[in-house]
Every structure is written in structure tokens, then in C-alpha cells.
Amino acid sequence: MKDFFKQYSPYYKNYKLFFFYSFVGIILVSAATSGTAYAIQPLLDDIFINKNKEMLYMMPFIIIALYTAKGFGRYMQAYYISFIGQDITRIVRDKLFSHVLSLDMDFFQKKHGGELVSRITNDINRIQQAISNYVAEFLSEILTIIGLIALVIYHSPELSFYGLIVLPIAFYPLSLLAKRMKKLSFKSQESNSDITSSLSESFNNIEIIKANSSEKIEATKFSIHNMIFFKYNMKALKTNELTSPLMEIIGSFAFAAVIIVGGSKVISGEITTGTFTSFIAALFMLYTPIRRLSSLYNKMQDALAANERINDIFAKEANIISGEKECPSNIQTVNFKDIALKYDDFVALKNINLEAKKGEIIALVGDSGGGKSSLINLIIRFYDTSAGNLLLNDTSIKDFNIKSLRENISIVTQRVYIFNDSIAANVAYGYEVDEIRVIEVLKQAHAYDFVMKMKKGVHTILDEFGTNLSGGQRQRIAIARALYKNPQILILDEATSALDNESESIISEVIQEVSKNKITFIIAHRLSTIKNANKIAVFKAGEIVCIGSEVELLNSCKEYQRLHNLANI
């Protein structure tokens with residue numbers, strides 16, 4: 001717990017005034033609570049026994065003042081502390097999301113999206129209470145305990161011994177409950193991530209679920225995760241709720257002793273009825289904040305478990321380090337020299353030697369899993385080479401600033417990414433929207449006509465995943481986006497796969513036109529899209545087995561001949 005507050009204490013310095021206001025509220029609540037217990041003594045002794053009329057008329061005002069102070073103090077405490085907690089968790093959530101975005105593609109390949117969503121939302125929500133509310137409640141309950149203990153000792157040091165001896169006795173079982181609570185909280189949060197992952201996976205794959213009538217299968221899978229989450233939550237609830245009966249059972253022995261000893265003193269006249277009643281009231285009121293304090297400590301374990309999961313993400317670091325040089329404004333060559341690439345133990349590329357020059361179209365062909373996309377991933381630095389050198393203008397790609405590098409590269413993949421925003425914002429994604437430029441690239445991508453038929457044209461809002469567009473329309477929007485920033489390197493990974501033959505032919509001509517001052521890489525299974533390529537690199541099992549023009553490969557490369565024959569079947 002010490003490490004938890006050490007981690008978040010630097011945030012607190014920005015809220016000094018708010019902490020002061022909340023502390024004033026805490027003082028009011030604690031003082032009013034102790035004052036209420038103390039007021040019982042004059043109520044009984046002065047009014048009911050001594051018949052003091054002056055005190056009779058004064059007491060209602062005292063009671064109103066005490067409860068007004070308590071209510072106002074509780075409001076101040078709740079508002080200002082909640083503000084602090086909400087604002088700190090907002091900052092931490094922003095920081096965590098930014099950190100996650102800075103990590104390598106390898107991280108996202110290995111982590112389920114639903115789990116990341118759970119950590120950024122659910123886990124941070126769990127620490128919010130600990131950062132602010134629990135701190136205030138801890139302080140409030142401690143101050144209340146101190147005030148009530150002082151009142152108890154003031155009334156009778158001897159009786160207070162019998163009433164307070166229970167506190168150290170209760171510590172050991174409560175600490176055991178807290179340890180169990182932390183373990184259960186961690187498991188509960190893990191199962192909550194499974195629920196989020198299951199939901200995310202189902203919604204992202206709803207088409208295939210519907211197409212295969214597998215709604216019941218997915219519902220059953222979700223139900224299993226939901227039941228596990230329910231069981232862990234119930235175990236945690238059972239553990240936390242044990243605190244109250246435990247304190248009451250142990251406390252009952254103390255109360256029994258106080259009644260015997262205190263009752264004897266009242267009978268013998270050593271203390272008054274009012275004093276004894278005030279003592280009993282303070283003792284009863286004392287066990288409430290002690291019980292709450294124990295419950296808060298258990299709840300803190302939930303926050304500590306969540307914080308461990310958050311820190312696990314913060315501990316991840318990007319292995320792909322940005323260089324310091326700006327990407328050259330005139331990229332003349334991209335050169336792969338003896339390149340190898342491994343994903344853990346899997347060899348994706350080996351012995352790759354390939355040169356691409358400005359104005360050239362380089363086609364990459366081969367069976368799925370041959371290494372084509374892996375080669376592209378190296379150019380945009382989603383991954384770094386395991387061996388060999390990838391050079392831009394004879395300079396290692398690792399020497400260039402990643403942001404500067406990617407600003408000069410556009411990539412269109414088979415999977416088209418559409419954001420829930422306007423067409424113009426989707427085309428200009430990452431850059432300021434220039435409507436003239438948007439329209440220009442839409443025309444180049446042969447998307448202008450269908451966009452202009454929409455009611456709001458380029459300002460039409462696209463649904464999530466672009467569901468209000470056809471597959472071919474989404475592909476053209478993606479091509480327009482790639483052209484918008486006028487990149488020096490253009491990468492098309494099955495970019496025309498969703499287009500019909502006529503549209504594919506038109507886009508191929510567009511590619512031919514825009515590639516004159518660029519280096520263009522095309523991955524294609526449909527060989528008709530690479531008829532204008534300057535070079536065709538044939539991949540097999542992570543290696544380039546042939547390089548040449550289409551004519552050369554048809555005459556000399558058996559692998560290309562095989563691919564060509566399959567394409568014409």
C-alpha cells in the first residue's frame with residue numbers, strides 16, 4: 001500500500017486547495033460525531049435528572065448545529081475528494097492510453113484488444129476510489145476514532161481499557177481477510193477482462209457469427225466467463241462482509257465487560273448515569289468507524305490488484321526505437337541487404353536481397369505465409385530486422401525518426417480501416433482536412449462519384465467499420481487516404497481485392513500514374529494487378545526465389561509459372 005500512494009502522491013500537489021477544503025469537511029464530520037456522543041451526558045444528567053431548563057432549551061440548538069456541521073462537512077468532503085479522484089484517474093487513463101499506443105505492433109499481436117480496453121477502463125476505475133475517496137474516508141474514520149477514544153478515556157480510563165482491548169485482538173484475523181481479498185480482487189479483474197474480450201470479439205465478428213448461426217455458441221462462451229466473474233465477486237463479497245460480524249462478535253465481549261464493570265460503578269455512585277450512557281454511546285459509535293476502516297482496507301486490496309495490472313502495462317517498453325534523423329525528402333532507393341526476420345522462434349524472412357528505385361513498381365507474389373507482408377512490415381517499421389540491413393538512400397532505416405519516416409509512407413491493406421467520422425476526415429486522417437485535396441484524391445481513387453451521390457457529400461458521416469459503404473467503396477476510400485499525403489513510398493497490400501474487374505483496371509492505371517515519382521510496392525494474388533510492375537519478386541517459405549519482369553519469370557521461374565497457371569484456371 002505504501003508503494004501505491006508513493007506512485008500517486010506526485011499528482012496530489014496540484015490539488016492543495018481542494019485537499020484543504022475536504023480536510024475541513026473531514027474535521028467537521030469527525031468533531032460533530034464525537035460531539036453528538038458527548039451531548040448525551042448533559043442531556044441525561046442536566047435535563048432528565050437535574051431538571052435544568054436552561055440546558056433543555058439550549059440542547060436542541062446544539063443538536064441542530066452538530067448535525068448541520070456534520071452534513072455540510074460530509075458534502076465538502078465528498079465533492080472535493082471526488083473531484084480529485086476523477087481528475088487524477090482522467091490523467092492516468094490518458095497517460096496509459098498514450099503509453100499503449102507507443103508500444104510495438106508485436107505487443108498488440110499478443111494482447112487481446114478486449115483486455116486492453118478492460119485495463120484502461122475498468123482497472124483505472126477501481127483505483128479511482130483508492131486515490132481519493134478511500135483516502136478521505138480513511139482519514140475521516142481515523143479522526144473520528146481518535147475523537148471517540150479521547151472521549152471514552154476522558155469519561156473513564158478504567159472502563160476504556162475493557163472497551164478498547166478488542167482492537168489489537170481483532171487485527172490478526174482482519175489482516176488475513178485483507179490478504180485473501182487482494183487475491184480474489186486480482187482474479188475478479190482478470191475474469192472481467194475475459195468478459196470484455198469476449199464481448200469485443202463477438203461484436204467485431206458479428207457477420208461470421210450470424211452467417212454460421214453460432215449465436216448460442218458465443219452466448220454460451222460469454223455465459224461461462226460471466227459465471228466465473230460472478231463467483232469471484234461473490235467470494236470477494238463474502239470475504240469483505242466477514243469483517244462486520246467478526247468485529248461485532250469480538251466487540252460483544254468488550255461490551256459485556258463494560259456493562260458489568262460500568263453498571264457496578266453506576267450502582268455504587270462512582271459515575272453518573274449520563275456519564276455511563278455517554279461512554280456506552282461513544283463506544284458503540286467507535287466500533288462503526290473501526291468496522292468501516294476494516295472494510296475500506298479490504299476494498300483497498302481491490303485497488304492494489306488493479307494497480308498491479310496497470311503497472312504491468314506501464315512496464316512494457318517499445319523495442320523499436322526511433323532514430324534522430326529526418327526522413328530524406330527525396331527517397332531514391334529502398335535496399336534490402338541480407339535481411340532476416342523472426343517472430344519469436346518462427347522464421348518469417350531469410351536471405352532477402354532486393355532493391356527498389358524511385359519510379360519503380362515492385363510486385364511481391366507468392367503463396368500465403370510466404371513472407372510478403374512481413375517484408376512490408378519492415379519498411380514501415382512495424383517490426384525491425386533480426387539480421388541484415390534495410391537502407392533508404394544507403395542509410396539504415398533505424399537511423400530515421402519513426403514519425404518522419406511514416407509521414408512519407410502510405411499503406412493500403414486488404415483490411416480497410418474506417419473511422420466513425422466524415423468521409424473527408426477519413427481521407428485526411430492524421431492531417432488537417434483540405435477539401436480541395438480530398439476531392440482531388442477521391443477522383444484519383446475513382447470514389448468521387450459515389451461520394452457526391454450521398455446527401456452530405458464529403459461531410460457524410462461513416463458508420464463504425466464503414467458499414468454504410470460497400471466493400472469496394474471502403475477500399476477506394478482507403479486508396480484515397482493513401483494518396484492524400486502524397487507519400488514517397490506507396491504500399492498496396494491486396495488493395496484492389498474488393499474491386500470488380502473494371503474498377504481494378506482503372507485503379508491499376510491510377511497506380512501507374514501516381515507511381516512515376518514514388519517507390520511502389522504491390523502485394524497481389526491476382527496477377528492481373530501487377531502487369532505493369534518493373535520487378536516481380538516471387539516469395540516462397542520466407543525467401544525470394546526469383547526476381548524479374550513478368551516475361552522473364554514466365555520463361556525462367558517455375559514457382560511463378562505455377563502461380564500464373566493457378567491464376568488462369
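By convention here, the first residue in the shown sequence is residue 1.
Salt-bridge annotation for Asp345 and Lys342: absent, with no side-chain N of the basic residue lying under 4.0 Å from a carboxylate O of the acidic one. Salt-bridge annotation for Arg309 and Asp312: absent, with no side-chain N of the basic residue lying under 4.0 Å from a carboxylate O of the acidic one.
A 4.5 Å side-chain heavy-atom check between Phe539 and Ile523 finds every atom pair outside the cut-off. Counting only heavy atoms from C-beta outward, the side chains of Met454 and Leu469 approach each other to under 4.5 Å. Within the 4.5 Å cutoff, the side chain of Lys358 has no heavy atoms near those of the Ile331 side chain. Leu354 places a side-chain heavy atom less than 4.5 Å from the side chain of Leu375. Counting heavy atoms from C-beta on, the side chains of Ile380 and Ile411 come closer than 4.5 Å. Counting heavy atoms from C-beta on, the side chains of Glu435 and His459 come closer than 4.5 Å. Using a 4.5 Å cut-off on side-chain heavy atoms (C-beta onward), Leu554 and Tyr560 make contact. Side-chain contact between Leu391 and Ile397 is absent, with no heavy atoms from C-beta onward closer than 4.5 Å.
Heavy atoms of other residues, nucleotides or ligands lying less than 6.0 angstrom from CZ of Phe314 number more than 12. Residue Gln332 places its CD atom among more than 12 non-hydrogen atoms of other residues, nucleotides or ligands, all under 6.0 Å distant. More than 12 heavy atoms of other residues, nucleotides or ligands sit less than 6.0 Å from atom CD of Gln109.
Here the CZ atom belonging to Arg476 is positioned 11.0 Å from the CG atom belonging to Leu442, to the nearest 0.5 angstrom. The CD1 atom of Ile522 sits 10.0 Å away from atom CD1 of Ile376, with the distance rounded to the nearest 0.5 Å. Here CD1 of Ile379 is found 4.0 Å from CZ of Phe336. Values are rounded to the nearest 0.5 Å. Here the CD1-CG distance, from Ile423 to Asn468, works out to 8.0 Å after rounding to the nearest 0.5 Å. One distance of note links CD of Glu326 with CG of Leu405; it measures 10.5 Å at 0.5 Å rounding. Remark: Asn377 CG to Met105 CE distance equals 7.0 Å, nearest 0.5 Å.
The closest donor-acceptor contact from the side chain of Ser102 to the backbone of His99 lies under 3.5 Å.
The shortest non-hydrogen separation linking Leu96 to Arg119 is CD2-O, 4.0 Å. Here the closest non-hydrogen pair linking Gly388 and Ile339 is C-CD1, 3.9 Å. Here the closest non-hydrogen pair linking Val412 and Ala478 is CG2-O, 3.7 Å.
Using a 3.5 Å distance cut-off with no hydrogens or angles, the side chains of Asn353 and Asp338 do pair a donor with an acceptor.
Ring-plane geometry between Tyr15 and Phe83 is classed as perpendicular, the angle between the planes exceeding 60 degrees on a 0 to 90 degree scale with a lower cut at 30. Between Tyr343 and Phe346, the ring planes are parallel. Angles under 30° get that label, and only those over 60° would be called perpendicular.
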Verdict with reasoning, Gln7 to Asn311, per side chain to side chain contact (heavy atoms under 4.5 Å, CB included): CA-CA 10 Å; Gln7 178 179 342; Asn311 286 338; 3.0 Å; yes
Test side chain to side chain contact (heavy atoms under 4.5 Å, CB included) applied to Ile352 and Thr385, step by step: CA-CA 11 Å; Ile352 300 295; Thr385 58; over 6 Å; no
Trace of the side chain to side chain contact (heavy atoms under 4.5 Å, CB included) decision for Glu407 with Lys403: CA-CA 6 Å; Glu407 284 175 349; Lys403 186 176 186 296; 2.6 Å; yes
Residues Arg406, Phe382; criterion side chain to side chain contact (heavy atoms under 4.5 Å, CB included); working and verdict: CA-CA 10 Å; Arg406 290 174 181 168; Phe382 284 164; 4.0 Å; yes
Verdict with reasoning, Lys443 to Glu440, per salt bridge (Lys or Arg N to Asp or Glu O under 4.0 Å): CA-CA 5 Å; Lys443 287 179 177 178; Glu440 180 185 332; over 6 Å; no
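Partners of Tyr417 under the ring pair (Phe, Tyr, Trp, His ring centres under 6.0 Å) rule, at least two apart in sequence or in another chain, do not exist in this structure. Residues forming a ring pair (Phe, Tyr, Trp, His ring centres under 6.0 Å) with Phe108 (at least two apart in sequence, or on another chain): none. Under the rule for a side-chain hydrogen bond (donor to acceptor under 3.5 Å, both in side chains), the partners of Asn125 that lie at least two apart in sequence or sit in another chain are Arg93. Under the rule for a side chain to side chain contact (heavy atoms under 4.5 Å, CB included), the partners of Asn486 that lie at least two apart in sequence or sit in another chain are Arg437, Lys518. Partners of Asp367 under the salt bridge (Lys or Arg N to Asp or Glu O under 4.0 Å) rule, at least two apart in sequence or in another chain, are Arg562. Considering only residues two or more places apart in sequence or on other chains, Asp421 meets the side-chain hydrogen bond (donor to acceptor under 3.5 Å, both in side chains) condition with none of them. Applying the side-chain hydrogen bond (donor to acceptor under 3.5 Å, both in side chains) criterion to Lys350, with sequence neighbours excluded, gives no partner residue. Residues passing the side chain to side chain contact (heavy atoms under 4.5 Å, CB included) test with Phe107, sequence neighbours excluded: Val100, Leu103, Lys111, Leu116, Ile313, Lys316. For Asn351, the side-chain hydrogen bond (donor to acceptor under 3.5 Å, both in side chains) criterion is met by Glu543, not counting sequence neighbours. Judged as a ring pair (Phe, Tyr, Trp, His ring centres under 6.0 Å), and not counting sequence neighbours, Phe97 has no contacts. By the side chain to side chain contact (heavy atoms under 4.5 Å, CB included) test, Ser549 is found to be paired with Val551, Glu552, residues two or more places apart in sequence or in another chain being considered.
Judged as a disulfide bond (SG atoms under 2.5 Å apart), the pairs with a partner in residues 510-553 (not counting sequence neighbours) are, in order, Cys546-Cys557.
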